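Note that ligands are numbered from 1 as they come in the structure, with each ligand's atoms numbered from 1 the same way. Keep in mind the model is a prediction, meaning the values are calculated, not measured.
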Amino acid sequence: MPELPEVETTLRGIEPWVLRKQITAVEIRQRSLRWPVPPEIGEALIGQTIVGARRRAKYIMLELSGGGTLLVHLGMSGSLRILQLDADDGAWRKHDHISVGFASGKELRFHDPRRFGCWLFCGPGSVPEETHALLTHLGPEPLSDAFTTDYLWQRMRKRTVAIKQLIMNAKEVVGVGNIYACEALFLAGISPRKAAGRVTKKQTERLVAEIKRVLAGAINMGGTTLRDFLNADGEAGYFKQELRVYDREDEPCVSCGNPVKRIVQANRSTFFCSSCQR
Ligand SMILES: [Zn+2]
């Protein structure tokens, strides 16, 4: 599943080819994604320019000169790629669902085998971004200045929920997926099972720092592996980063040598070292 770093890398990859570019063609071959692609996404986009490209949580937001915003989510298996139509035959591959063509001759193509991704429209004639149900309850961005020790500490106080579940809850902080939660808790030396309210302030400080570090590290890794987005094959996948505990059940802990344990929390596998994480 594309996580925050893959989405950020996708945004940085497509941005040079879509920002300030005028839309000259839109083709939608499959409107039945996680939610139906609304009628505002179609010929109405032709002639508009993309005037902003940003990310909120795992949504890519493309702002239009007409005042609306495209809200694109990659879901479980979605990806975006850029085609260069004078060099590429533009053939549609299986599971390509949407294309947006630009005056520059480039084309943005959305591919999603499992169709859990979405393309939605916010703005004139529809729900404004500020009150969109998918966006209003989101916590701060983990890499922003709003995600601080004090912020997380306040959210954790008196809470009995396990710390891992709390940091994976998008209402508390967005974009901390399962891999990153496991890795950050290991690096911070905190047991994933510990009640959030029992985590000390010192531990919280380390946890906030490690969450930022693992996500920023993955984004940097993505920037090097997927630098050439133009004509990239566009397959979604995890970045081949070094994982210290995730998916290493029974392998020796990189720090103490004891076997890494796997438990299930909220239907997700948790990997941790019971000696190093307290
Ligand atoms: Zn250990």
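The other members of the hydrophobic cluster of V174, by chain and number, are W35, Y59, M61, L71, L120, L134, L135, L138 (side-chain heavy atoms under 4.5 Å, ILVMFWY only).
Under the 3.5 Å distance criterion, with hydrogens and angles disregarded, no donor-acceptor pair is assigned to the side chains of T49 and R20.
Salt bridge R81/D96: present, at least one basic N to carboxylate O contact under 4.0 Å. Of the charged side-chain nitrogens involved, none lies within less than 4.0 Å of a carboxylate oxygen, so that E249 and K261 do not count as a salt-bridged pair.
Legend: residues meeting salt bridge (charged side-chain N to carboxylate O under 4.0 Å, His left out) with R159, ordered by chain and number and at least two apart, are E172. In this view, E63 and R54 satisfy the side chain to side chain donor-acceptor pair (under 3.5 Å) rule, not counting sequence neighbours.
By the criterion of a separation under 2.8 Å, the protein N/O/S atoms near the Zn ion (ligand 1) amount to C253 SG, C256 SG, C273 SG, C276 SG.
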